[in-house]
Structure formats: C-alpha cells, structure tokens
Amino acid sequence: MEKFKLTDHKKSDEESPERRNFVRDIVEEDLKTDKFGGMVHTRFPPEPNGYLHIGHAKSICLNFGLARDYKGLCNLRFDDTNPTKEESEYVESIKLDVRWLGFDWGDREYYASDYFDQLYEFALTLVRKGKAYVCDLTGDEIRQYRGTLTEPGKDSPYRNRSVDENLDLFQRMRKGEFPNGSRTLRAKIDMGSPNINMRDPVLYRILHATHHRTGDAWCIYPMYDWAHGQSDSIEKITHSVCTLEFADHRPLYDWFLDELGIYHSKQIEFARLNLTYTVMSKRRLLLLVEEGLVKGWDDPRMPTISGLRRRGYSPESIRLFADRIGVGRSESTSDVALLEDCVRDDLNRRAPRVMAVHRPVKLVLENYPEGVVEELEAVNNPEDHSAGSRTIPFSKILYIEQDDFRENPPKKYFRLSPGMEVRLRYAYIIKCTEVIKDKATGQILELRCTYDPETRSGSPQSARKVKGTIHWVSAAHAKDAEVRLYDRLFTVENPGGDDWRSFLNPHSFEQVQGCKVEPGLATAKAGERFQFERLGYFCVDEDSAGEKLVFNRTVTLRDTWAKMEKATDKT
RNA sequence: UGGGGUGUAGCCAAGUGGUAAGGCAGCGGCCUUUGGAGCCGCCAUUCCCAGGUUCGAAUCCUGGCACCCCAGCCA
C-alpha cells in the first residue's frame with residue numbers, strides 16, 4: 001500500500017558491536033595473555049530468595065553476553081546457602097526469567113548446595129592446616145571481639161584450639177550434636193586487619209533447618225564467602241563478576257583459593273543498576289508485595305522481570321537497555337526514560353498498529369447512508385512492509401477519543417472542534433456540525449459531523465491537507481475492552497529514607513472500562529503486543545479471556561502535544 | 001592518619017599524553033493520513049578543586065574536597 005508513508009529506520013543497536021566497558025577490557029587482556037588458557041567462563045549466581053529485577057537483567061546480560069561474545073560459557077548457579085530464606089518457587093521464577101530474557105545455560109544448572117560435600121572437605125583441609133577453628137563465642141561476643149571500623153578486633157579465646165580438637169568439634173557440628181548458634185567454624189586470618197572481612201570470618205554456622213534441595217542432610221551451612229569463591233573454582237569460572245559491595249571481600253576470596261591451592265577465578269566488581277522512580281532492593285520489593293502496595297511480584301508497575309514482562313516489555317528491549325546503560329564502577333542511577341525509549345525503539349519496529357478508543361464519545365455522520373458498511377484498508381506497520389495490511393469496518397456511527405474533541409480548542413489544537421475538519425485515519429475527512437450535550441450536566445453526549453465522500457483514503461481528493469488525523473472505531477463493530485494504564489510507581493526520582501513508601505504515586509494505576517477496540521482484536525492472545533495508534537504500546541494481559549479483553553499499557557507514544565500543553569500550562 | 005571504591009553535560013557513558021565519542025532527556029527545524037516514526041541542527045573552551053610535570057594533561061605527579069560501601073552466625 002503505497003499511499004501511506006512507510007519509514008525506514010536505522011538498524012537496531014543490538015546488532016551493532018558491543019560497546020566497550022572495563023570488564024570486557026579485562027577479559028580481552030586475559031585472553032591476550034592467555035591467563036585462563038583462552039577460556040571465558042562466567043556465571044550468573046542468584047540467591048533464590050526473591051524474584052529477579054531489571055538490575056539482575058543487567059548482570060545476566062553482562063555475564064551471558066561475555067560468554068556469547070568471547071565464545072565461552074555462562075553457568076546458572078543458585079547461591080542457596082541459607083535454607084531459612086530460600087524456596088523452590090524462586091528457583092523456578094528465576095529460570096523462567098533468564099530463559100525469557102533469551103539466555104541459555106545449557107545443562108549447566110548448578111547449585112551451591114551441590115557442593116556442600118566438597119565445601120565440607122575444603123573446610124576440613126583448612127582445619128588440618130591450622131587455618132580454621134571452631135569458635136564457641138556467641139553472636140554477640142563475636143561482634144564485640146570483631147572490633148570496629150577504626151579499632152582492631154581481638155582474638156577469640158578459642159582461636160588456638162588444637163587441630164585435633166577442631167577436627168573433632170567440627171565433625172560433631174556436622175553430625176548435629178550442637179544447637180543453633182552455639183558454635184561456628186571460623187577462618188584463622190587476622191583480627192587486626194583493617195579489612196573487617198579478614199577478621200576471622202565465619203565459614204559455617206549451625207542451622208537445624210530444612211533446605212529446599214538437600215532436605216535435612218545438613219545442619220551446618222556455609223556462609224557466602226566460603227561458598228561463593230569455591231563454587232566458582234569448582235566450576236572453573238574464569239571471571240566472577242559481582243557488584244561493588246563485594247570488592248571488600250576480594251582479599252578473602254583470594255585468600256581461600258590460595259590456601260586451598262585450587263583453581264583461581266578472578267573476581268571483578270561492577271556498579272549495580274539503579275533506576276529513577278522505582279526501588280530496586282529485594283527487601284523493598286518484598287515489602288511492596290507483602291503490604292499489598294502492589295498486586296504481586298509481577299505487578300506491571302514493578303521493576304521485576306516478571307512485572308516488566310506482564311507490562312509488555314520485550315526481552316529485546318531489556319537487552320537493548322542493558323547495552324545502552326553500559327557497565328562501570330561508579331555508582332549511578334539510570335533514567336527510566338531511557339528504558340522507556342528502549343521499548344518504544346523495539347516495539348515501533350515490530351508491533352502491529354491497531355485502532356482503539358480509550359474514552360469513547362459517539363460521533364454520527366449525518367450524511368453517511370444508514371446501514372452501509374465499508375471495509376477500509378489499513379497498514380499493519382508502516383515500519384515493516386512485510387506486515388501487510390488489514391481491513392477495518394466503517395459505518396455511520398463511530399466512536400472517537402473524548403480527548404480528540406474540544407469545544408473551545410486552544411491554539412494549535414489540530415483535532416476536532418465545532419466547524420473544523422479533521423481526517424479519520426484510513427477513512428474520510430469529516431467536519432463537526434453540532435455538539436449534543438446533556439442539558440443538566442453539560443456533558444457531551446454525541447458529536448454530529450458530515451463526511452466528504454470524495455476524500456476516502458487513497459482517492460485523489462484524500463490528498464487534501466488537513467491539520468489533524470484522529471483514530472476511530474465503528475460503533476456497531478467495535479469490541480469492548482478494559483485497559484489498564486500504568487505510570488511511575490513513585491512520584492520522586494529517588495524514593496529513599498524510612499518513609500520511602502510515602503512517595504508512592506497514587507495515580508500509578510488506572511483501570512479504564514468500556515474502551516472500544518477494532519474487531520480484529522477479539523482473537524488477540526495473552527502476551528501479544530500492539531500499538532494503539534496515537535496512544536501507545538499495549539499488550540494483552542493474562543486476565544484477558546474469551547469475550548473479556550484486557551490490555552496493559554506498556555508505555556505511551558511520545559506525545560509532543562501533551563508536552564506543548566504542559567508547557568503552556570506553566571506559563 | 002581504619003579499609004575499600006567513585007568523581008567527564010540534567011541522566012548514563014566513551015576516552016589509556018596530541019587538543020572532549022555516543023545514547024537518553026531538553027531545545028529548534030524538516031517531513032508526515034499516528035502531534036508516532038524518520039531526518040537535520042543545537043546542547044561540556046572543559047573533565048570535583050588547587051598546585052605541579054610537559055611543547056601539549058580529563059589522562060602523569062602532589063595535596064585537598066565530596067559521595068558510596070564495610071562492624072550478619074544475610075547474600
């Protein structure tokens with residue numbers, strides 16, 4: 001259909017070479033010096049204690065992206081060393097999210113808990129070397145002995161137990177002879193270290209708890225520091241990428257690997273993602289869910305992968321975002337507008353166009369014949385010739401957007417108003433002749449218009465210049481739909497402090513009933529994405545069923561008119 | 001005088017001694033049967049500050065300043 005302009009566009013950023021970042025520099029340098037035998041093997045190590053969010057997506061894209069680009073591998077490893085917080089439900093959601101994002105870990109699905117035996121053996125090795133001891137101090141005492149940020153700690157009175165005694169005690173810890181919290185296994189390093197992580201860190205704690213995978217096989221569980229690096233080593237991870245707060249742990253990470261004399265992975269820290277107008281910590285996200293401030297982990301307002309998915313974000317758009325924000329070591333907060341730009345960028349190329357009216361107002365074409373229905377051709381996607389076209393019904397009674405009519409139009413308002421002309425997309429040019437209102441309330445009930453039969457789309461007369469084009473739907477043929485509009489979850493860029501909840505945006509969710517959509521949408525399936533012309537990108541919600549159509553607004557289209565109005569409001 | 005880290009535009013971010021990429025946001029304009037998309041242009045004489053080295057410094061040196069992280073038997 002050549003009468004409508006089809007646009008060409010530059011190719012996706014995703015297809016262009018990856019941008020430079022310091023992690024890639026390190027990897028390339030290691031490849032050049034053959035530090036890891038030419039291998040690149042990364043891992044994504046989530047703790048299954050919550051749902052993944054967009055910050056995890058950054059890490060996933062980094063780790064799996066490194067493996068992809070340097071012909072290496074990336075493992076999925078669950079860091080499940082704390083049975084009191086972890087659940088299988090989270091394992092499943094994490095796997096689904098990583099897969100949905102487009103990454104594949106092959107058969108390399110690992111669990112730190114797979115290594116409990118090995119880790120225990122490693123601990124025995126350390127004990128035998130005199131580099132670890134069983135400590136009977138209570139939690140409180142350990143804290144007191146640890147010293148402070150500015151004062152060194154002091155040695156535990158149990159620090160110099162004999163190897164034999166340590167061996168005996170540790171084995172009995174493992175057998176379950178002692179109650180929770182009564183003893184720990186600690187590394188013997190340096191209580192005077194300026195790095196608190198080196199002040200005899202706890203390796204094992206006693207926890208009589210059922211683990212989601214190992215059941216009751218264990219009652220001692222390894223701490224993060226003890227489990228993580230050794231797990232990396234067991235898997236022969238070359239580059240162990242983690243977030244900045246673990247930089248202080250690196251000396252300990254290295255110490256364990258050196259003492260054990262095993263494969264030495266390299267830990268590299270990068271800055272975690274922060275996003276404006278939302279919160280990202282698992283703790284806060286959990287609170288939002290638990291306190292019912294949102295409808296669940298997959299509430300479309302949540303920055304979780306599942307929330308973004310339900311909102312209509314595509315995996316491509318999230319990967320594009322990850323590429324565009326880059327990877328660095330300086331703490332930063334990315335503008336959510338960039339994320340929004342990424343979905344628009346992706347969906348603009350791919351989402352079929354469709355006409356839908358949010359808040360309908362009836363429009364009657366006085367000079368249009370009664371009972372006639374025309375089938376008009378409409379382009380499915382002006383960005384994609386191959387998407388073809390469809391046919392949409394047109395008749396005497398239509399619905400248009402309330403917002404597309406103003407009785408007293410402001411300057412530069414190009415839409416419909418009394419006596420003015422406007423084009424109905426893919427149809428005719430019409431003129432408004434009368435406004436019928438409710439006498440009591442003044443509410444507009446109906447617009448009376450005439451159409452110009454010469455201007456049917458595609459005819460020579462249709463080339464006539466008219467300021468505005470609006471969307472519409474034929475009243476008799478339209479399907480009813482519910483549309484859910486979402487806005488930013490918070491009203492401020494950085495909702496921090498104890499009262500962060502007070503910045504929740506009361507208008508972040510609006511449910512609009514009685515929307516009218518073109519008939520072809522009746523068969524749309526959950527997850528399908530569309531552009532509602534002039535309004536935004538929408539996707540079919542999973543609540544959609546049979547006759548009941550439900551759409552989520554992913555993001556609005558860029559709206560320069562709204563921007564202009566807002567600007568003039570201010571002056 | 002605890003340790004670790006970071007400071008390049010409103011937000012991200014390249015830059016690795018040779019005269020400040022790119023994206024988002026913003027601002028103009030063109031084009032348009034989506035006020036969409038696309039296209040064009042503008043947007044850091046200066047890189048936290050102050051000294052120094054050098055023909056030449058965001059890059060090197062010295063000294064400051066600011067911010068973030070660490071005192072879980074969480075990860």
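The model shown is predicted, which means the values in this text are computed figures rather than measured ones. We name chains A, B, ... by the order of the sequence lines, and we start the count at 1 in each one.
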Of all heavy-atom pairs between Tyr221(A) and Thr81(A), which one has the smallest distance, and what is that distance?
CB-O, 3.5 Å
To the nearest angstrom, the CH2-P distance between Trp561(A) and G35(B) comes to 12 Å
Separation of the C1' atoms in A66(B) and U54(B), to the nearest angstrom
29 Å
Could you state the atom-to-atom distance from CZ of Arg199(A) to C1' of G72(B) in whole Å?
15 Å
If pairing requires Watson-Crick or G-U wobble contacts with both distances under 3.5 Å, which nucleotide is the partner of A20(B)?
none
Rounded to whole Å, please give me the gap between CG in Asn494(A) and P in C68(B).
12 Å
Pair Asn75(A)-Glu235(A), side-chain donor/acceptor within less than 3.5 Å
yes
Is there a side-chain contact between Thr148(A) and the phosphate of G2(B), meaning an N or O under 4.0 Å from OP1 or OP2?
no
Please report the distance separating the C1' of C12(B) from the corresponding atom of C47(B), rounded so that it comes out in whole Å.
16 Å
Tell me which one of Ser265(A), Ser231(A), Ser240(A) satisfies side chain to side chain donor-acceptor pair (under 3.5 Å) with Arg43(A).
Ser240(A)
Who pairs with G51(B) - Watson-Crick or G-U, where each distance is under 3.5 Å:
C61(B)
Parallel, tilted or perpendicular, as decided by the 30° and 60° cut-offs, for the rings of Tyr451(A) and Tyr428(A)
perpendicular
Restricting to side-chain hydrogen bond (donor to acceptor under 3.5 Å, both in side chains), what partner residues turn up for Tyr399(A), sequence neighbours left out?
none
If the cut-off is 4.0 Å, is Arg20(A) near the phosphate of G15(B), judged by side-chain N/O to OP1 or OP2?
yes
Which is true for Tyr204(A) with a 4.0 Å heavy-atom rule: it touches a base, it touches only sugar-phosphate, or it touches nothing?
nothing
Hits for side-chain hydrogen bond (donor to acceptor under 3.5 Å, both in side chains) against Asn166(A), two or more places apart or cross-chain, chain-then-number order -> none
Does a donor on one side chain and an acceptor on the other come within less than 3.5 Å for Arg553(A) and His358(A)?
no
In whole Å, what separates the P atom of U16(B) from that of G10(B)?
23 Å
Scan Tyr145(A) against the nucleic acid and name what it touches under 4.0 Å (heavy atoms): base, sugar-phosphate only, or nothing.
nothing
Quick one: side-chain hydrogen bond (donor to acceptor under 3.5 Å, both in side chains) partners of Arg172(A), sequence neighbours excluded?
Asp168(A), Glu177(A)
Can you tell me, in whole Å, how much space there is between the C1' of C69(B) and that of G17(B)?
33 Å
Determine whether the side chains of Tyr51(A) and Glu89(A) contain a donor N or O and an acceptor N or O closer than 3.5 Å.
yes
Per the O4'-C1'-N9-C4 / O4'-C1'-N1-C2 angle with a 90° window around 0, G26(B) comes out anti
Any N or O donor-acceptor pair linking the side chain of Arg143(A) to the base of G72(B) at under 3.5 Å?
no
Does Asp346(A) pair with Arg350(A) as a salt bridge, N-O distance under 4.0 Å?
yes
Say we look at C65(B) and A44(B): how far apart would their P atoms be, to the nearest angstrom?
31 Å
Could you measure between the two P atoms, the one in A58(B) and the one in A50(B), and give it in whole Å?
13 Å
Can you list everything that forms a side-chain hydrogen bond (donor to acceptor under 3.5 Å, both in side chains) with Tyr277(A)? Sequence neighbours excluded, please.
none
The Watson-Crick or G-U wobble partner of U1(B), with both key distances under 3.5 Å, is none
So, is Arg205(A) near the phosphate of A75(B), with a side-chain N or O under 4.0 Å from OP1 or OP2?
yes
Using a cut-off of under 3.5 Å, enumerate the N/O to N/O pairs linking the protein to nucleotides 41-43 of chain B.
none

Contact class for Leu137(A) (heavy atom, under 4.0 Å): base, sugar-phosphate, or nothing?
base
C42(B) and A21(B): how far apart are their P atoms, nearest whole angstrom?
12 Å
Does Lys465(A) place a side-chain N or O at less than 4.0 Å from the phosphate oxygens OP1/OP2 of U33(B)?
yes
Indicate, with a heavy-atom threshold strictly under 4.0 Å, whether Leu149(A) touches base, sugar-phosphate, or nothing.
base
Mate of G38(B) across any strand shown (Watson-Crick or G-U wobble, both atom pairs under 3.5 Å) is C30(B)
U34(B) phosphate, OP1 or OP2, under 4.0 Å from Arg344(A) side-chain N/O
no
Find every protein N or O atom lying less than 3.5 Å from an N or O atom of nucleotides 4-7 of chain B, and list the pairs.
from: G4(B); atom 1: O2'; to: Asp248(A); atom 2: OD1; distance (Å): 3.2
from: G5(B); atom 1: O3'; to: Arg329(A); atom 2: NE; distance (Å): 3.4
from: G5(B); atom 1: O3'; to: Arg329(A); atom 2: NH2; distance (Å): 3.4
from: U6(B); atom 1: OP1; to: Arg329(A); atom 2: NE; distance (Å): 3.2

Distance between P atoms of G7(B) and G15(B) (Å, rounded)
12 Å
Counting any heavy atom closer than 4.0 Å, what does Val327(A) reach on the DNA or RNA strands: base, sugar-phosphate only, or nothing?
sugar-phosphate
